[in-house]
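Here the structure comes first, spelled out in structure tokens, and everything after it is commentary.
Worth knowing before you read on, the calculation uses all heavy atoms, side chains too, and leaves out hydrogens, waters and symmetry mates. The chains referred to below are lettered A, B, ... by the order of the sequence lines, with proteins before strands, and numbering in each begins at 1.
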Number of protein chains: 2
Amino acid sequence: MSTTPEVAGVLRRFNRTYTQRIGALDESFLGLGLPLSSARLVFEIGVDGAGVGDLRSRLGLDSGYLSRLLRTLESRGLVTVGPDPADGRRRTASLTPSGGRLLERLEQRSDDLAHRLVAPLTERQRARLAEALGTADLLVRAATVSLDAVDPAGRRAAAAMEHYFAELDRRFPGGFDPGEPTPPDSFTVATSDGRPVACGGVQQIGAGVAEVKRMWVDPEWRGAGLGSRLLRHLEGVAADAGHLVVRLDTNGTLSEAIAMYERAGYTAIERYNDNPYAELFFEKALD
Amino acid sequence: MSTTPEVAGVLRRFNRTYTQRIGALDESFLGLGLPLSSARLVFEIGVDGAGVGDLRSRLGLDSGYLSRLLRTLESRGLVTVGPDPADGRRRTASLTPSGGRLLERLEQRSDDLAHRLVAPLTERQRARLAEALGTADLLVRAATVSLDAVDPAGRRAAAAMEHYFAELDRRFPGGFDPGEPTPPDSFTVATSDGRPVACGGVQQIGAGVAEVKRMWVDPEWRGAGLGSRLLRHLEGVAADAGHLVVRLDTNGTLSEAIAMYERAGYTAIERYNDNPYAELFFEKALD
DNA sequence: TCATGTGTCTGACTATAGTCAGACAACCTC
DNA sequence: GAGGTTGTCTGACTATAGTCAGACACATGA
């Protein structure tokens, strides 16, 4: 706040410009015989379908309201809602062929409008705009990732860890076998649009000593500072639990991670465990 | 469209991110006992007040609807609506002291939310975001400027020309006296948010020869390509009127303008009029 | 001064968006 | 298999947003 007093102002000014001009992109959904909220819903269901709860959180709707919207789309033959095979309480919505055609037309309209919007710009200006919006997009998304403590043995933790293990398996020359992973003392998942985009656990490994484990950041999200933020967060978790020192191990393959640890003030130490995949070991004192 | 197919995609992706995250900035207006549209209206009236028609075009509201919104704000003692001294049909809205206090609180909330939004970012990221949004803002605004042919002797033309004359007066060492300006054959005003941001006229000065006159771009808008776009537009106007050549004169003081003319394919020629303020003369053949 | 246009207002509507409480079935844990 | 939790659904609402037609006063230009 102290040294960048203008960010908020720029943001607010942009907000104004935005609602007046680009906001019309949403209204391009109109005129196909559907109210805006229903059209947005069709859009959000998409070709792959989506869980009802997922839709609710992505669109920020009341469950009753969403249910009713789905009912009207169903009655128009645009959507079918069926049970989730994995959990009988959940339901998944997907588009019928006619719903798919509607989605295509929505996409088309939205695309046309976007093109028309940038048409008066020169080629170079368009490129500049695309770059600026891309940057803003990444940063805004990064800023609004939410870091939540989840049950280390629960479903959300498992789903996030799966990404982590899958990536290790891809990156390690001989693959990676997680064995029977034991849940850490606490686990944090970073979520954006309902999907896990980063995660990490904290576990006590000695008196006053915590280990950061299974830290992972989605490849698409690297370079947005999410890793550092998560690491700071996990250090906070460890400090709150009364630990004085944080350790972690890693593998030489994971060069971005190593660079980040060093930037964050970690120093290399001797091997402190028998993890066969670990080659490098770091430590940092909590203040 | 051919070489930058991705702009529309980036724009649409950003739109999605935006409505979900920054869109909440608007909702910060809520919770002060006013519905969103009324709060936006208070915001748009601002400390300086605003004409009713102006508000209508800025907010894109139906005149009946706006009138009703003003009535409810009036009945709550937040706004007064009085006659415009210059034109008895028009009315101007301004905030009462209590309306002004409400506005301050709205600003405060919006500001707080903007700060909270960028809080998770590092200083550097915030600076990057501010820069990206600033660029996007300028370009989007530039893209959505509308170029309208107006009555060369009418009010809109006069208002725009006033800016032009004022600027010349500021920039010329000995000031500038427009004398009795005669309206050109056609006049174009570029408008953004209801304000003139650029203008220019076209006038026949010989058989098949047109002159571009009184071309002006708001200083805040320079660097956004608005000048070139306007110039191209005026050339189009001249070509449509059957002219084959466009000429223009300028003063050595106006260096940005000169650079722009050269970029646009104009070449220096001999003096072709007796304008005492003109020092440089340019010409371009229309294709 | 008359015809025409412009800017605002009222009345009478409709459609859309959203809220809240509670029912109910499937699931999970002990 | 009892008790609590989660996910979805229905019913009964209210608030907000927006539309359209027409009235009326003022302005403008022939």
Report yes if a side-chain nitrogen or oxygen of A:Ser37 is closer than 4.0 Å to either non-bridging phosphate oxygen (OP1 or OP2) of C:dA17; otherwise report no.
-> yes
Compute whether any side-chain donor of one residue and acceptor of the other, for B:Ser63 and B:Arg56, lie under 3.5 angstrom apart.
-> no
Of A:Arg90 and A:Gly64, the one whose closest nucleotide on DNA chain D sits nearer the 5' end is A:Arg90
A:Val52, nearest nucleotide to its side chain (from D:dG18, C:dA26, D:dT8) | D:dT8
So, does A:Ser98 use its side chain to make a donor-acceptor pair with the main chain of A:Leu78 at under 3.5 Å?
-> no
Whole-Å distance between C:dG7 P and B:Tyr65 OH?
-> 22 Å
Classify the nucleic acid contact of B:Ser63 as base, sugar-phosphate or nothing, counting any heavy atom under 4.0 Å across all strands shown.
-> base
Protein-nucleotide distance (A:Arg56, atom CZ; C:dA17, atom P), rounded to Å = 19 Å
Among the nucleotides D:dC9, D:dT8, D:dT19, which one has an atom lying closest to any side-chain atom of B:Asp62?
-> D:dT19
Winner on side-chain proximity to A:Asp87, out of C:dA17, C:dC9, C:dA26, is C:dA26
To the side chain of B:Arg89, which of D:dT8, D:dA25, C:dA17 is closest?
-> D:dA25
Using whole Å, report how far CZ of B:Arg40 lies from C1' of D:dA17.
-> 11 Å
Is the number of heavy atoms from other residues, nucleotides or ligands within 6.0 Å of CZ (B:Arg105) greater than 12?
-> no
base_contact_polar (C:dG11 base, B:Arg68 side chain, donor-acceptor, <3.5 Å) | yes
Check whether any side-chain N or O of B:Asp185 sits under 3.5 Å from a backbone N or O of B:Gln204 as a donor-acceptor pair, and report yes or no.
-> yes
Parallel under 30°, tilted from 30 to 60°, perpendicular over 60°: which one fits the rings of A:His163 and A:Trp216?
-> parallel
Ignoring backbone atoms, test whether A:Arg91 places a side-chain nitrogen or oxygen under 4.0 Å from the OP1 or OP2 oxygen of D:dC9.
-> yes
A:Leu70 has an atom CG; how far is it from atom P of D:dT8, in whole Å?
-> 10 Å
Once you round it to whole Å, what is the distance between P of D:dT16 and CG of B:Leu66?
-> 17 Å
Whole Å only: how far is the CG atom of A:Leu69 from the P atom of C:dG18?
-> 9 Å
Return the value, rounded to whole Å, for the distance between atom CG of A:Asp84 and atom P of D:dC9.
-> 12 Å
In whole angstroms, the gap separating P of C:dG7 from CG of B:Asp54 amounts to 12 Å
Heavy atoms under 4.0 Å, any strand shown: does B:Arg71 hit a base, just sugar-phosphate, or nothing?
-> sugar-phosphate
